[in-house]
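What's counted below: heavy atoms across the whole structure, side chains too, no hydrogens, waters or symmetry copies.
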Amino acid sequence: MPDMVQVHLTADMPIRLRALKFADRVEVRIGKAFPIALLIDRPALETLKHALTEGQQELDTHETEERA
């Protein structure tokens, strides 16, 4: 992969969402001074939700294993 953009999200990072009905997508703005915009087409929303849920479950499992 030649280029990659990394965005580190923290708990205090402002995140604003706007539905772009005319384009059938959602715009997610992250940050304040120099926000980035993530445009997500409707068909990709389920894929993104699934990936985030899966990642959270893996972190939860790892945390539980470390406590054992």
Side-chain angles (χ1 to χ4, degrees):
M1 197 171 355
D3 295 317
M4 182 190 304
V5 175
Q6 283 188 322
V7 178
H8 181 188
L9 297 180
T10 60
D12 60 343
M13 181 79 64
I15 299 175
R16 296 170 308 286
L17 186 125
R18 182 171 61 149
L20 304 175
K21 296 173 189 164
F22 62 91
D24 202 30
R25 66 177 54 130
V26 172
E27 177 186 76
V28 180
R29 288 185 176 251
I30 303 167
K32 281 185 183 179
F34 301 101
I36 65 160
L38 180 62
L39 300 173
I40 308 165
D41 290 342
R42 180 189 293 263
L45 285 172
E46 276 303 314
T47 304
L48 179 60
K49 276 185 359 185
H50 177 72
L52 291 171
T53 300
E54 192 174 279
Q56 185 175 21
Q57 288 172 347
E58 286 181 29
L59 289 173
D60 292 345
T61 299
H62 179 71
E63 184 178 48
T64 303
E65 290 172 353
E66 281 189 342
R67 279 193 245 150

N/O donor to acceptor pairs below 3.5 angstrom from side-chain atoms of residues 27-43, sequence neighbours left out:
unit_1: Glu27; atom_1: OE1; unit_2: Arg18; atom_2: NE; d: 3.3
unit_1: Glu27; atom_1: OE1; unit_2: Arg18; atom_2: NH2; d: 3.1
unit_1: Glu27; atom_1: OE1; unit_2: Arg29; atom_2: NE; d: 3.1
unit_1: Asp41; atom_1: OD1; unit_2: Arg25; atom_2: NE; d: 2.9
unit_1: Asp41; atom_1: OD1; unit_2: Arg25; atom_2: NH2; d: 3.2
unit_1: Arg42; atom_1: NE; unit_2: Asp24; atom_2: OD1; d: 2.7
unit_1: Arg42; atom_1: NH2; unit_2: Asp24; atom_2: OD1; d: 3.3

Review point. Below 4.5 Å, heavy atoms only, C-beta onward: do Leu20 and Val26 meet side chain to side chain?
Key: no

Check your understanding: Are Met4 and Leu9 connected, step by step, through hydrophobic side chains (Ile, Leu, Val, Met, Phe, Trp, Tyr) whose heavy atoms are closer than 4.5 Å?
Key -> no

Practice item. Please report the closest heavy-atom contact between His8 and Met13, naming both atoms and the distance. Key: O-CE, 3.5 Å

Check your understanding: Can you get from Val7 to Leu48 by hopping between Ile, Leu, Val, Met, Phe, Trp and Tyr side chains that sit under 4.5 Å apart?
Key -> yes

Show me the side-chain donor-acceptor pairs of residues 50-58 shorter than 3.5 Å, one per line, residues at least two apart or across chains.
unit_1: His50; atom_1: NE2; unit_2: Glu54; atom_2: OE1; d: 3.3
unit_1: Thr53; atom_1: OG1; unit_2: Lys49; atom_2: O; d: 2.9

